> 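Here it is, the structure in full.
Along the sequence shown, the residues carry numbers beginning at 1. Note that the structure is predicted; figures quoted are calculated from it, not measured.
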Amino acid sequence: MSGRLGLCLLIVISSFVGGKGRVIGNVGSRIGRVEIRKGEPRDVTGIYKLVSGQNLGTGWSGVGLEQDIEAGSVVVARDSDQKDVVGMTVSWKIVDQLEIGNIFVAPSQRQRKIGENLVRHLIRRAQEDGLSRIILEVRESNIPARNLYEKLGFRIAGRRPKYYEGNETAILMECDTSINDDDSHHLQLQEGNNMLSRYSQGETPLVTALENIAPKIKASFFVPGHKMGQSIPSRLSSFGGPDGRISNLWRHDLTEIPGLDNLGNPQDVIAEAQNLASEAYSVDDTWFLVNGSTSGIIAAIVACVKRFTKKFGTARRAKVVLPRNVHKSAIEGLISSGAEPLWLYPHYDVLNDIHHGINVVEVAKMLEASEGQRDDIACILIVSPTYYGAVTDIGSLQKLARSHNIPLVVDEAHGAHLAFSSGEEKEKELNMRRLSATYHNADIIIQSTHKCLSALTQSAMLHRGKDSIVEASDIFRALSLVQTSSPSYLLMASLDAARWQMMNEEGQKMMREFLVLSRKLRRQIELIPQLQLISENMDGIFRLDFTRVTVLTSQIPATGNEVSAMLEEKGIYCEMSSERHFTLALSLGNTEKDIDELVRTLKDIIEELCSRTADLERQDAVKGLTDSISTVTRMTPREAFFAPSKLVPFDQAEGYIGAETISPYPPGIPILMPGEEITADVLGSLSSAITMGKQIVGATDSTLRHILVVDEK
């Protein structure tokens, strides 16, 4: 031991930075992420700028920096947005140990735990290199640093009296790299972006914080007004249980009190929870959304247009390439950003009145045809999977978009489960991980976690894919426009818990069972001769999410709406229905009992229907809602939205410019958009929606007796 200690007498940490803060990741006032990696020659200037004016102590003098970088002895922390070196450390391998020299962190960054994460990085590197221990020295008076090292597994190995100036003693500390299982989670390295978190995937930072803080509150003098459930309306008290007791959920419906962080500027447990989500999905950044995927889609478009205007200025109009079957939130994104739409028309299944996915060839043709205006394209936005489960070839589309330096935004609202859908490679129905946009590193991915996983309704996530060309700072600022300043901690906690569930045995077991049940349902419905399912052998479908089951009704004497209504009479509710189909959305929460009950009831309904005498052709009397509508764009959505407007009778609206978005629900695909001319086709489709009994969303007059139009006088 004494011989090795002699080697360490020159090693000292003279400038440790620790204290309160947060793990490196999503931030508010200090927007962006910090990448920790080996130093490179391009870092030299930044390192000298960082250490200028700081105390170098007795460890590393700064001499021979280039040689240390070449030898792999330097590790740097760089801000991914500003590209500045905000931290660095020097260490040396000697025989079978790693000896740490100085650690420097920029003074302006000393609340981001950069120093701590640099040490974590070195511990992981020592483990990977097979080194037996790590040694460092620290001033005896530097209690925060000593406490941190002890937390990371270091222990005191010796003292060197009067080592530092002022005769201060140096404490020699060492860490055995053979870390036991109980401590190993503290060294969790985030795959893909070299980030380290003090939490593992087996933990729930936000849920745990709520659990710990709620019992400590004796009297609440903060919002919300129900004061942890003490004044909830009696009509809601039954939600707490059969005896009317107050549910624990109410007690945990808290706000931004100390210890619970702030979604608008995440620095602690919310930041940790978001970082764990980004690790789970193998993306660079994740933001929790409490206004659903709607807010994420709007923010994504705004962020991409912001990227465009930073390059070309505001005088040049940005364009967004997007399919006609987008969710209405994409139109709201166009209105918010001022961008002009360039429409793609996905394959349309005329018989079954369904739009499927986008063909990459069609996108390539559009980009080629708009060669002179290609630089005006701020982003390409697609929906994958669609409401009916059709998945686009995202891998090829991402390569195409990147070749033109255009961000790819994927509305994956119905695909949050895909990244966890791993099974036997040969069985498509059990292995859909590669269908996820996160797998193909799309620039921005928006997911409705509540739709397909186990989070509360309205909770969602926005991911910034690996090596995204859209800056995190632009996304953060765009989100601040559409996120509430009073986010529900129950929604955020449900996102934290949903991520935890999928990264642990509980969720993985449920996912395996869910995929098997989905396959069982599809095969049992396929055995009913009169029914068909959407399948991968249909035109316009690249791949299919097998957990979304759309049943086609063209061969039975009833519409999809009628079959859905008959199921509801038996207590079975579908996700949506139309004249020619009905859709079943399966998830982790479905059981084998659910499947058996559905199949048994469906067989009884079909048997009853087939005993009737009916005309199969009557379905075609109602025009398909999403049939290829003839559209003429006369203004941008933003121009039409803010233009003077007036209401005109429905039957007199033809020829006017629409001033509102009108979407039948479900599925929420707009038939009329602001800035488009109201044609006979548009009015026909709207009439069909009314006949089908669809909910009309977005219209000023929900009865559609009148339509809001641009007043051009």
> Is the closest side-chain donor-acceptor distance between S436 and T438 under 3.5 Å?
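Judged by distance alone, the side chains do pair up.
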> Which residues pass the side-chain hydrogen bond (donor to acceptor under 3.5 Å, both in side chains) test with T89, not counting sequence neighbours?
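Scan of T89 (side-chain hydrogen bond (donor to acceptor under 3.5 Å, both in side chains), adjacent residues dropped) gives none.
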> Sequence neighbours left out, what passes side-chain contact (heavy atoms from CB on, under 4.5 Å) with A299? Give chain and number order.
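For A299 the side-chain contact (heavy atoms from CB on, under 4.5 Å) partners, ignoring immediate neighbours, are A478, L479, V482.
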> Test of understanding: with side-chain contact (heavy atoms from CB on, under 4.5 Å), list the residues that count as partners of D594, not counting sequence neighbours.
N590, T591
> For residues 485-499, which residue pairs qualify under salt bridge (Lys or Arg N to Asp or Glu O under 4.0 Å), counting only residues two or more places apart or in two chains?
D496-R499
> Sequence neighbours left out, what passes ring pair (Phe, Tyr, Trp, His ring centres under 6.0 Å) with F308? Give chain and number order.
F312
> According to side chain to side chain donor-acceptor pair (under 3.5 Å), does anything in residues 205-218 pair up with another residue at least two apart or in another chain? List the pairs.
T204-T208
> Ring pair (Phe, Tyr, Trp, His ring centres under 6.0 Å) with F154: which residues, sequence neighbours excluded?
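Here the qualifying residues are Y149.
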> Using the ring-ring contact (aromatic ring centres under 6.0 Å, His included) rule, collect all pairs that involve residues 446-473, keeping only residues at least two apart or in two chains.
Y281-H463
> Test of understanding: with side-chain contact (heavy atoms from CB on, under 4.5 Å), list the residues that count as partners of E150, not counting sequence neighbours.
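E150 satisfies side-chain contact (heavy atoms from CB on, under 4.5 Å) with N147, M173 only.
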> Listed by chain and number, what are the side-chain contact (heavy atoms from CB on, under 4.5 Å) partners of L490, not counting sequence neighbours?
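Result, side-chain contact (heavy atoms from CB on, under 4.5 Å) vs L490: L249, H252, D253, L456, S488.
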> State, without any angle test, whether S91 and R125 hold a side-chain donor-acceptor pair at a distance under 3.5 Å.
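Looking only at side-chain atoms, R125 and S91 do form a donor-acceptor pair, the distance falling under 3.5 Å.
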> Using side-chain hydrogen bond (donor to acceptor under 3.5 Å, both in side chains) as the criterion, list what pairs up with E660, not counting sequence neighbours.
T700
> Going by side-chain hydrogen bond (donor to acceptor under 3.5 Å, both in side chains), name the residues that satisfy it together with E513, two or more places apart in sequence or in a different chain.
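Listed in chain order: K509.
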